[in-house]
Amino acid sequence: MTPALDLLKKVRAEHRIHSYEHDPKAASYGLEAAEKLSLDPAQVFKTLLASSEKGELLVAVVPVVGSLDLKALAHAAGVKKAEMADPAAAQRATGYLLGGISPLGQKKRLRTFIDNSAQPFASIFVSAGRRGLEVELSAAVLAEHTQAKFADIGRD
């Protein structure tokens, strides 16, 4: 079990766990998950960490088929500027390894933003806290248990 799955179990949130054999040579962890689990890539979301000009870490959950719009994230967070966080700082703050960072069950409570494109789906897939492990849940459940805000932060 991972902290993400422990949290969902503890709060009795509706979710399903999906696992696959992770290939360490995969170019994109999220696209690998979509491919190996035969999922619509638009429904699979990656968890990225950004840093504001004041050093605050922000969590962004965006579709694996696109990228994070740092200006849009900064606007949503009410900060002047955001840049991708230092990988070591991201791992320290979340307790997860890169490629397996889940928006759920992180060591520190960080402000979280989910791209609006998640809302129309009955369920979305995010990392369950380990490479090769995804959790399926509704965007509303994810937002509730991360205290996330929805915003247009993704780019095609």
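Counting begins at 1 with the first residue of the sequence.
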Undergrad: Taking atom CD of E32 and atom CD of E21, what is their separation to the nearest 0.5 Å?
TA: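 E32 CD to E21 CD: 9.0 Å, rounded to 0.5 Å.
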
Undergrad: Indicate yes or no: at least one non-hydrogen side-chain atom of P63 is less than 4.5 angstrom from one of S117.
TA: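 They are in contact (side-chain heavy atoms under 4.5 Å apart), so the answer is yes.
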
Undergrad: OG1/T112 to NE2/H145 distance, rounded to the nearest 0.5 angstrom?
TA: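 The NE2 atom of H145 is 13.0 Å from OG1 of T112, to the nearest 0.5 Å.
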
Undergrad: Using a distance-only test with no angle check, is there a side-chain donor-acceptor pair under 3.5 angstrom linking S51 and E83?
TA: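 S51 vs E83: no donor-acceptor pair found between side chains.
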
Undergrad: Check whether more than 12 heavy atoms from other residues, nucleotides or ligands sit under 6.0 Å from atom CD of Q91, and answer yes or no.
TA: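 More than 12 within 6.0 Å, yes.
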
Undergrad: Got E134 and S19 here, is their nearest side-chain heavy-atom distance under 4.5 Å?
TA: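 The answer is no, as the side chains (C-beta and beyond) never meet within the 4.5 Å cut-off.
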
Undergrad: Between R111 and E56, is the closest basic N to carboxylate O distance under 4.0 Å?
TA: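 Yes, charged N to carboxylate O under 4.0 Å.
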
Undergrad: For residues V44 and P41, determine if any side-chain heavy atom of one lies less than 4.5 Å from a side-chain heavy atom of the other.
TA: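 They are not in side-chain contact.
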
Undergrad: Taking C-beta and beyond as the side chain, do V61 and L48 meet within less than 4.5 Å on heavy atoms?
TA: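 With C-beta onward as the side chain, the pair stays apart.
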
Undergrad: Mind checking whether S127 and Y96 have side chains closer than 4.5 Å, heavy atoms only?
TA: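 S127 does not reach Y96 side chain to side chain.
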
Undergrad: Measuring from atom NZ of K81 to atom CD of E53, what distance do you get when rounded to the nearest 0.5 angstrom?
TA: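 Between atom NZ of K81 and atom CD of E53 there are 8.0 Å.
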
Undergrad: Write down the atom of A85, the atom of L57, and the distance for their closest heavy-atom approach.
TA: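 Scanning both residues completely, I find the closest heavy atoms to be CB-CD2, 3.6 Å.
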
Undergrad: Do you know the tightest heavy-atom contact between L7 and G105?
TA: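 Between these two residues, the closest heavy atoms are CD2-N, 3.8 Å.
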
Undergrad: Does I101 share a hydrophobic cluster with L8, counting links as ILVMFWY side-chain heavy atoms below 4.5 Å and allowing steps through other members?
TA: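 Per the 4.5 Å side-chain linkage, I101 and L8 are co-clustered.
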
Undergrad: Under a 4.5 Å side-chain heavy-atom rule over Ile, Leu, Val, Met, Phe, Trp and Tyr, are L110 and L68 clustered together?
TA: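 Result: no, two separate clusters.
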
Undergrad: Angle between ring planes, F121 versus F45, binned at 30° and 60°: parallel, tilted or perpendicular?
TA: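 Geometry flag for F45 against F121: perpendicular rings.
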
Undergrad: Any chance you could measure F113, atom CZ, to L58, atom CG, to the nearest 0.5 Å?
TA: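 Interatomic distance, F113 CZ to L58 CG, rounded to 0.5 Å: 6.0 Å.
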
Undergrad: Are L142 and L5 connected in a single hydrophobic cluster, I mean Ile/Leu/Val/Met/Phe/Trp/Tyr linked by side-chain heavy atoms less than 4.5 Å apart?
TA: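 Shared cluster, yes.
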
Undergrad: Of all heavy-atom pairs between D115 and G154, which one has the smallest distance, and what is that distance?
TA: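 That closest heavy-atom pairing would be OD1-N, 2.7 Å.
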
Undergrad: Roughly how far, to the nearest 0.5 Å, is CE of M84 from CG of L70?
TA: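 If I round to the nearest 0.5 Å, the distance is 6.5 Å.
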
Undergrad: Can you give me the closest heavy-atom contact between A76 and I153, atom names plus distance?
TA: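 The pair with the smallest heavy-atom distance is CB-CG2, 4.3 Å.
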
Undergrad: Could you verify whether a donor N or O on one side chain and an acceptor N or O on the other, from Q43 and D40, lie under 3.5 Å apart?
TA: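 There is no such pair (donor and acceptor under 3.5 Å, judged by atom type) between the side chains of Q43 and D40.
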
Undergrad: Which distance, rounded to the nearest 0.5 Å, do you find between the CZ of R16 and the CD of E14?
TA: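 Going from CZ on R16 over to CD on E14, the span is 10.0 Å.
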
Undergrad: Answer yes or no: are there more than 12 heavy-atom neighbours, outside H18 itself, under 6.0 Å from its atom NE2?
TA: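 Count over threshold, so yes.
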
Undergrad: Under 4.5 Å between any side-chain heavy atoms of Y29 and K46, yes or no?
TA: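 Not touching, per the 4.5 Å side-chain cut-off.
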
Undergrad: Using a 3.5 Å distance criterion without hydrogens, assess whether the side chain of T47 forms a donor-acceptor pair with backbone atoms of S102.
TA: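 Looks like no, no N/O pair under 3.5 Å.
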
Undergrad: For A4 versus A128, what's the shortest heavy-atom pair and its separation?
TA: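 That closest heavy-atom pairing would be CB-O, 3.5 Å.
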
Undergrad: Would a 4.5 Å heavy-atom cut-off, applied to side chains only, mark F125 and L39 as touching?
TA: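 The answer is yes, as the side chains (C-beta and beyond) meet within the 4.5 Å cut-off.
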
Undergrad: Within a 6.0 Å radius of atom CD on Q147, are there more than 12 heavy atoms belonging to other residues, nucleotides or ligands?
TA: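 Yes.
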
Undergrad: Taking all atoms of both residues into account, what is the closest heavy-atom pair of I114 and A139, and its distance?
TA: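 Scanning both residues, the minimum pair turns out to be CD1-O, 4.3 Å.
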
Undergrad: For residues L137 and V11: do they belong to one hydrophobic cluster (side chain heavy atoms under 4.5 Å, members Ile, Leu, Val, Met, Phe, Trp, Tyr)?
TA: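 Yes; tracing contacts between hydrophobic side chains, which count when under 4.5 Å, links both residues.
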
Undergrad: Tell me whether R130 at atom CZ has more than 12 heavy atoms from other residues, nucleotides or ligands lying less than 6.0 Å away.
TA: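 Atom CZ in R130 is not crowded, with 12 or fewer foreign heavy atoms closer than 6.0 Å.
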
Undergrad: Could you tell me if E136 and H15 have a donor-acceptor pair between their side chains, going purely by distance under 3.5 Å?
TA: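 Not at all, the side chains of H15 and E136 share no donor-acceptor pair under 3.5 Å.
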
Undergrad: Decide whether V126 and L98 are clustered together by the hydrophobic rule: side chain heavy atoms of Ile, Leu, Val, Met, Phe, Trp, Tyr closer than 4.5 Å, transitively.
TA: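 Per the 4.5 Å side-chain linkage, V126 and L98 are co-clustered.
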
Undergrad: Got Q106 and V59 here, is their nearest side-chain heavy-atom distance under 4.5 Å?
TA: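 In contact.
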
